Undergrad: 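Okay, here's the structure, questions in a sec.
Just so it is clear, the model here is predicted, and its values are computed rather than measured. Lettering of chains follows the sequences in order, A, B, ..., and the numbering in each one begins at 1.
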Amino acid sequence: MQYRKVKNQIIIENVKSFDLDETFECGQCFRWNKINNKEYIGVVKDKVLKIEKIANKIILKDTKMEDFKSFWLDYFDLNLNYDEIKLELSKINVTLKNACNFAPGIRILKQEPWETLCSFIISQNNNIPRIKGIIERLCQKYGNHLFGNFYMFPEAKVIAKLNLEDLAFLRCGFRDKYILDAAKKVTNGDINLDLISDMPIEKARLELMKINGVGKKVAECVLLYGMHRLEAFPEDVWIKKAMEKLFPKYDSYKFGKFAGIAQQYIYHYTRMNKDLLN
DNA sequence: GTCCAGGATCGGA
DNA sequence: TCCGATCATGGA
C-alpha cells in the first residue's frame, strides 16, 4: 500500500482487502451512505469524508494528509493485514473459507465507542434502514452542525440531560429509555468506556451489560466495532442460525483472536445467500 | 391483517 | 437455568 496527495485528494494505491460496498454495507456501521455508483460519504467524529474506489485505488476526497495519517489510516484499520487473517481463518473450515472469499474486502472499522454503544442499542429488534433513520434524526437534533446536511453524533453528556419526551421524535420505540440510561451512566462515570476498552474481555462484557438495554449481543458489538476487540463475537439471529447450520462442530472461540472478523464474513455471507441456512 | 427486523427484559415453570 | 410473551415502529 502506498499513498500520495494529489490536489485535495489522498490516493491510496495497491490496497488489498478493502472494498467500500463490502465494508460499509456489512452491518457494522450506520452513517456511511452511498451517493452514486462508486462513492460513499460519511461522518466520523467532526469529519465528513467522501471516498471512492476505482480499480484498486481508494480515493479520499477533500481531506488533508495530516488527517489521513493521524485519523483515517487508523479508522479504516489499514495497518492490519487482512490477507494474512483470511489465510488463517480459511484453514479452519472450508465454509469459513467460502465466507472469506465471498466478501474479501470487508474491514472492521474503528468506530467511536459511545456512538457504537448508542447505535447498537438502537439496533435491537430493528432493521438496518430504520436504524440509520433513527440515528440520523438523533444527530440532526442533538449533534453539532458541521455543514450542509452533516451533523456530528451527539455527545453522551448532551443526551444525558434529556428526558423521554425529548426523544419521542426519534420514533425509536421502547429503546428510548435505554439510550437515556446509557448516556447517563457514561456521563456520570458509572460506565467508563475508555477503561472498558482495555479490560479483559470477560470483565468488559459485564461492565457494558450494566447498562439497561445492553445484553450479550450489543455488548459484543460495542467491543468489536467500537473498541476494536477483534476476538469479540456478536451472535445475532443470523450468526446463531449460521453456527447451527454451517458450523455445528464449532464454538466461536475456535475462530481464535480474530473471531470477530470471521463473524463479519459469516454474517455478510449468509445474509447475502439466505438459501445457505435452509 | 400479519410478519419481521444485527435483542433485552421480565415473569413463571 | 430456561422459555415465552412483550416491548414500539414501519416496511413488506
Undergrad: Give the residues of residues 251-277 of chain A touching DNA chain B, defined as any heavy atom closer than 4.0 Å, sorted by residue number.
TA: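 Correct list: A/Q263, A/Q264, A/Y267, A/R271.
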Undergrad: Taking protein heavy atoms under 4.0 Å as touching, what does nucleotides 8-13 of chain B look like 5' to 3' if B marks base contact, S marks sugar-phosphate-only contact and - marks none?
TA: SS----
Undergrad: Under 4.0 Å between a Lys/Arg side-chain N and an Asp/Glu carboxylate O for A/E207 and A/K210?
TA: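 Between A/K210 and A/E207 there is a salt bridge, with a charged N closer than 4.0 Å to a carboxylate O.
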Undergrad: For residues 162-175 of chain A, which residues have at least one heavy atom under 4.0 Å from DNA chain C?
TA: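 Hits under 4.0 Å, by residue number: A/R171, A/G173, A/F174, A/R175.
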Undergrad: For DNA chain B, just give me the dot-bracket, please: Watson-Crick or G-U, both distances below 3.5 Å, ( ) intra-strand, [ ] crossing earlier pairs, | paired with another strand, . unpaired.
TA: .||||.|||||||
Undergrad: Using side-chain heavy atoms (C-beta onward) and a distance below 4.5 Å, is A/F71 in contact with A/K64?
TA: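 Side chain of A/F71 against side chain of A/K64, heavy atoms only: no contact under 4.5 Å found.
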Undergrad: Could A/K53 and A/E39 be called an ion pair, given the rule that one side-chain N must be under 4.0 Å from one carboxylate O?
TA: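 Salt bridge absent between A/K53 and A/E39.
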Undergrad: When you check the gap from the basic side-chain N to the acidic O, do A/D181 and A/K177 get nearer than 4.0 Å?
TA: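 Salt bridge flag = no for A/K177 with A/D181.
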Undergrad: Figure out the CG/C1' separation between A/L117 and B/dG7, and round it to whole Å.
TA: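 In whole Å, B/dG7 C1' lies 14 Å from A/L117 CG.
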Undergrad: Round to the nearest Å and state the distance from A/I122 atom CD1 to B/dG7 atom P.
TA: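 So the CD1-P distance, A/I122 to B/dG7, works out to 14 Å.
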Undergrad: Who pairs with A/F120 by ring pair (Phe, Tyr, Trp, His ring centres under 6.0 Å), at least two apart in sequence or on another chain?
TA: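 Only A/F30, A/Y225 meet the ring pair (Phe, Tyr, Trp, His ring centres under 6.0 Å) criterion with A/F120.
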Undergrad: Any side-chain donor paired with an acceptor under 3.5 Å for A/D166 and A/Y142?
TA: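 The answer is no; no qualifying pair exists.
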Undergrad: Is A/K69 salt-bridged to A/E66, going by a charged N under 4.0 Å from an acidic O?
TA: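 No, this pair does not count.
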Undergrad: For A/I108 and A/Q28, work out which heavy atoms get closest and say how close.
TA: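 Minimum heavy-atom separation between A/I108 and A/Q28: CA-OE1, 3.5 Å.
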Undergrad: Would you indicate what A/C26 reaches in the nucleic acid, counting non-hydrogen atoms under 4.0 angstrom: base, sugar-phosphate, or nothing?
TA: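 Base contact.
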Undergrad: For atom P, what is the distance between C/dA5 and B/dG6, given to the nearest Å?
TA: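 Going atom to atom, P in each nucleotide, I get 22 Å.
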Undergrad: Let me see the working for A/V44 and A/L49 under side chain to side chain contact (heavy atoms under 4.5 Å, CB included), right down to the final yes or no.
TA: CA-CA 8 Å; A/V44 184; A/L49 182 71; over 6 Å; no
Undergrad: Is any side-chain N of the basic residue among A/K110 and A/D74 closer than 4.0 Å to the acidic one's carboxylate O?
TA: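 Yes.
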Undergrad: Which residues, if any, of residues 225-236 of chain A bring a heavy atom under 4.0 Å of DNA chain B?
TA: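 Going residue by residue through residues 225-236 of chain A, the ones with a heavy atom under 4.0 Å of DNA chain B turn out to be A/Y225, A/P234, A/D236.
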Undergrad: Do A/Q263 and A/S252 come close enough that some side-chain heavy atom pair is under 4.5 Å?
TA: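 The answer is no; the side chains never approach within 4.5 Å.
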Undergrad: Between the base of C/dA8 and the side chain of A/N125, is one N or O donor paired with an acceptor at under 3.5 angstrom?
TA: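 Check passes, donor-acceptor contact within cut-off.
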Undergrad: Rounding to an integer number of Å, can you tell me how far A/N126 CG sits from B/dG7 P?
TA: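 Going from A/N126 (CG) to B/dG7 (P), I get 8 Å.
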Undergrad: Just by distance, no angles: are the side chains of A/Y40 and A/E25 close enough, under 3.5 Å, to form a donor-acceptor pair?
TA: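 Present: a donor and an acceptor within the cut-off.
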Undergrad: Please tell me if the side chains of A/S90 and A/L96 come closer than 4.5 Å, counting only heavy atoms from C-beta onward.
TA: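 Not touching, per the 4.5 Å side-chain cut-off.
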Undergrad: Could you tell me how far apart A/I179 (CD1) and C/dC7 (C1') are, to the nearest whole angstrom?
TA: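 Value for this atom pair: 14 Å.
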Undergrad: So A/L230 and A/L80, do their side chains get closer than 4.5 Å, heavy atoms only?
TA: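 Yes, at least one pair of side-chain atoms sits under 4.5 Å.
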Undergrad: Decide yes or no for A/W72 and A/L60: does some side-chain heavy atom of the first lie under 4.5 Å from some side-chain heavy atom of the second?
TA: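 In contact.
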Undergrad: Categorize A/I121 for me: base, sugar-phosphate, or nothing, with a 4.0 angstrom heavy-atom threshold over every strand shown.
TA: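 Contact class for A/I121: none.
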Undergrad: Going by atom types only, do A/K241 and A/T270 share a side-chain donor-acceptor pair under 3.5 Å?
TA: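 There is no such pair (donor and acceptor under 3.5 Å, judged by atom type) between the side chains of A/K241 and A/T270.
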